[in-house]
Amino acid sequence: MVTLDNRMDCDTKCSDYRILVIDFGSQYTQLLLRRIRELGVYSELFSWNVSESQVSAFNPNGIILSGGPHSAVDLHFPCVPEFVFQLGIPIFGICYGMQIMSQQLGGEVQHLTTQREFGCTRITLVTESILTNDMCDYVDNITGYSVLDVWMSHGDVVTTVPQDFTVIGINKYRQVAIMANEDRRLYGVQFHPEVTHTKQGKNILERFIMCICSCKSSWKVANIIDNIVMDIRVKVGNDKVVLGFSGGIDSLVTALLLRRAIGCRFICVFIDNGLLLHREFDRIKNFCDKNYDLDIIYVPKEQLFLDALIGVIDPEEKRKVIGRIFTEVFEEQISNLVPIKWLVQGTIYSDIIESGVSLFSSKNVIKSHHNVSCFSGIMNVQLLEPIRNLFKDEVRSIGLELGLPYSIVYRYPFPGPGLAIRILGEVKREYCDILRKVDCIFIEELKRDNLYYKISQAFAVFLPIHSVGIQGDQRKYEWVVSLRAVETIDFMTARWAYLSYDFLNKVSNRIVNEVEGISRVVYDISSKPPATIEWE
Ligand code: XMP
């Protein structure tokens with residue numbers, strides 16, 4: 001299992017400066033982490049019950065307490081471990097983070113029945129503070145105070161700040177919006193600085209991290225690469241290594257990092273589960289053969305996966321079945337390759353977070369990513385995940401730095417369970433074949449119209465329902481496919497892409513004319529949330 005305890009097994013020395021975020025389950029926590037890393041400072045999420053030894057091993061320059069869905073008024077609220085307040089390093093509480101800090105340090109928090117604030121609002125700065133000095137979106141004509149546009153989402157409020165704290169900002173109801181104890185370097189804000197609607201949010205985070213925590217920008221692509229390469233070398237030594245290789249950007253970047261660290265001393269294993277896009281292996285093999293001399297073992301196991309998926313309808317069940325078979329096949333391969341000592345995977349940070357491993361609680365699992373926690377403890381092989389602490393955009397930057405072409409780096413992500421989660425209900429080879437053809441047409445047209453790189457991800461979904469159509473003079477009673485295209489920055493939230501009617505019309509015509517078995521094409525106009533990007 002990947003646990004919080006073994007999280008720091010790889011690139012923790014990537015940056016001299018680091019901010020630890022204590023996660024109380026806010027929907028914005030990942031965004032917060034990204035904002036910190038965008039400042040060039042390394043940051044990691046830890047659960048609210050993080051231990052003292054974990055914190056001292058991470059050695060943060062400052063701690064941020066995230067927001068969360070709980071009420072600090074409740075008796076059983078999740079709280080900040082007491083030792084955190086004794087560390088003497090700066091602490092910054094956001095929303096629930098501020099309320100819980102206030103509650104634990106002797107202030108008071110009350111539940112609001114009216115005067116709650118959700119969305120854009122304004123706060124007034126009433127006292128000087130290092131956190132907000134010189135920041136101003138408007139000047140209040142009457143008082144002359146600075147006013148900031150902020151994003152709030154709260155039902156509780158700090159009614160009394162703890163002893164030795166000062167109220168720095170107030171909201172329109174004159175309630176506490178910012179509080180600070182400058183001597184102890186403890187700060188709290190009721191709004192969300194990580195959300196772009198808070199106009200000075202980035203500046204406030206920067207002020208806390210760079211000025212108050214004295215961090216410097218050192219989380220840079222070149223440093224990250226050097227440190228990961230060094231880490232791989234130290235760990236692996238002269239041992240033999242095998243890499244789980246799907247040919248996606250994550251495993252490709254991992255392969256290139258391995259290459260840089262240990263030369264050709266590793267083998268890539270590519271398992272074909274029959275749930276891949278059209279000629280996926282050929283595409284990646286040709287690319288690698290032309291550009292890098294990777295040793296790739298191809299393992300065709302389509303039938304095994306399809307057999308195991310017979311009768312499996314539930315999406316999570318499908319993921320589990322695929323993950324299980326994948327592990328079994330992989331184990332078998334490794335046993336043929338002894339003496340392998342290390343199994344390397346291209347797991348990235350969002351795989352871990354989305355699988356609920358490091359989140360507030362396991363009930364937050366949205367979709368289990370099968371590359372997380374599959375292979376631990378097998379056959380005395382040790383697991384190495386060199387890019388496990390990186391977000392997708394960071395992996396992409398590394399890919400470009402390592403010389404991968406833009407077309408590979410910005411290729412649309414393809415999920416581990418493949419077409420199985422784009423075929424609703426039971427998976428059959430016939431449906432996979434249809435989907436591959438439809439997907440090809442859709443992608444081809446996106447490229448032809450220069451739309452491919454303007455949207456973040458696009459694919460087709462197979463709906464196992466029959467619909468009546470007409471072709472020539474013939475009645476058709478055939479399958480339905482949905483096209484899905486989204487625009488997103490971080491894949492955590494997404495907007496459906498506003499593709500033109502002309503374009504959709506062209507793609508739809510081609511699909512019903514060229515792909516046998518399809519009588520109807522629909523376009524998915526759901527955003528995430530409440531929908532997710534994939535249908536399952
Ligand atoms: P959702 O559907 O959760 O997808 O909005 C967000 C992004 O993650 C991809 N995705 C996966 N990737 N294994 C993966 O490697 C998975 O199990 C998986 N599920 C979703 C999805 O394609 C989108 O880019």
Side-chain angles (χ1 to χ4, degrees), residues 2 27 30-31 34 243-254 270-271 273 275-277 280 284 305 309 312 314-327 330 345-357 359 364-375 385 387-388 390-396 409-424 427 435 439 442-443 446 452-453 455-462 482-497 524-536:
V2 178
Q27 56 179 317
Q30 273 221 55
L31 195 57
R34 292 170 49 79
L243 167 68
F245 186 71
S246 69
I249 180 67
D250 302 340
S251 62
L252 202 46
V253 163
T254 307
F270 183 105
I271 297 173
N273 57 15
L275 306 165
L276 305 175
L277 294 174
E280 187 64 4
I284 192 67
F305 280 86
L309 285 167
V312 183
D314 178 71
E316 268 301 287
E317 197 50 39
K318 280 191 211 173
R319 285 166 184 271
K320 291 207 171 100
V321 168
I322 294 166
R324 179 172 53 76
I325 304 286
F326 191 80
T327 310
F330 216 100
Q345 275 190 278
T347 314
I348 65 168
Y349 203 41
S350 30
D351 296 338
I352 293 172
I353 293 183
E354 289 234 326
S355 293
V357 176
L359 269 179
N364 283 327
V365 173
I366 299 165
K367 296 173 181 185
S368 333
H369 287 215
H370 77 71
N371 45 346
V372 176
S373 73
C374 271
F375 300 112
E385 295 171 313
I387 57 169
R388 65 179 304 182
L390 305 183
F391 285 110
K392 194 74 161 189
D393 54 341
E394 294 170 327
V395 175
R396 283 179 159 159
V409 169
Y410 284 92
R411 195 162 178 265
Y412 294 157
F414 186 65
L419 298 181
I421 57 167
R422 294 178 179 175
I423 291 169
L424 303 197
V427 180
L435 210 44
D439 196 88
F442 191 20
I443 299 299
L446 284 166
Y452 188 89
Y453 296 114
I455 56 179
S456 318
Q457 191 173 7
F459 53 88
V461 179
F462 183 87
S482 172
L483 304 179
R484 177 80 163 135
V486 293
E487 286 170 24
T488 172
I489 291 173
D490 54 13
F491 295 88
M492 301 305 292
T493 60
R495 194 192 76 172
W496 60 276
D524 180 355
I525 54 165
S526 332
S527 289
K528 173 185 181 176
T532 52
I533 295 174
E534 303 287 348
W535 275 42
E536 287 196 340

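All ligand and atom numbering here is 1-based and tracks the order in the structure. The structure displayed is predicted, hence computed values, not measured ones. Note that these values count all heavy atoms, side chains included, but never hydrogens, waters or copies made by symmetry.
- With a 4.0 Å heavy-atom cut-off, ligand 1 is reached by the side chain of P417 but not by its N, CA, C or O.
- Those atoms of ligand 1 that come under 4.0 Å of a heavy atom in F491, given as number and element, are 6 (C), 24 (O).
- Ion pair E536/R484 not flagged as a salt bridge, since none of the NZ, NE, NH1 or NH2 atoms sits closer than 4.0 Å to an Asp/Glu carboxylate oxygen.
- Which parts of ligand 1 touch P413 is read off a 4.0 Å heavy-atom cut-off, strictly below it: atoms 24 (O).
- Here is the list of ligand 1 atoms found below 4.0 Å of a heavy atom in T532: 1 (P), 2 (O), 5 (O).
- Judged as a side-chain contact (heavy atoms from CB on, under 4.5 Å), and not counting sequence neighbours, the contacts of Y453 are Y406, S407, Y410.
- Looking at heavy atoms from C-beta onward, L446 lies in side-chain contact with Y412 at the 4.5 angstrom threshold.
- Short contacts between ligand 1 and K528, defined as distances under 4.0 Å to a heavy atom of the residue, involve ligand atoms 1 (P), 3 (O), 5 (O), 6 (C).
- F414 has its side chain out of reach of S246: every pair of non-hydrogen atoms, C-beta onward, lies at least 4.5 Å apart.
- Below 4.0 Å from some heavy atom of R319 lie the following atoms of ligand 1, by number and element: 16 (C), 17 (O), 18 (C), 19 (N).
- Every residue was checked against the side-chain contact (heavy atoms from CB on, under 4.5 Å) condition with Q27, not counting sequence neighbours, and none meets it.
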Pair T488-K528, side chain to side chain contact (heavy atoms under 4.5 Å, CB included): steps then yes or no: CA-CA 9 Å; T488 172; K528 173 185 181 176; over 6 Å; no

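- Considering backbone and side-chain atoms together, F414 places no N or O closer than 3.5 Å to any N or O of ligand 1.
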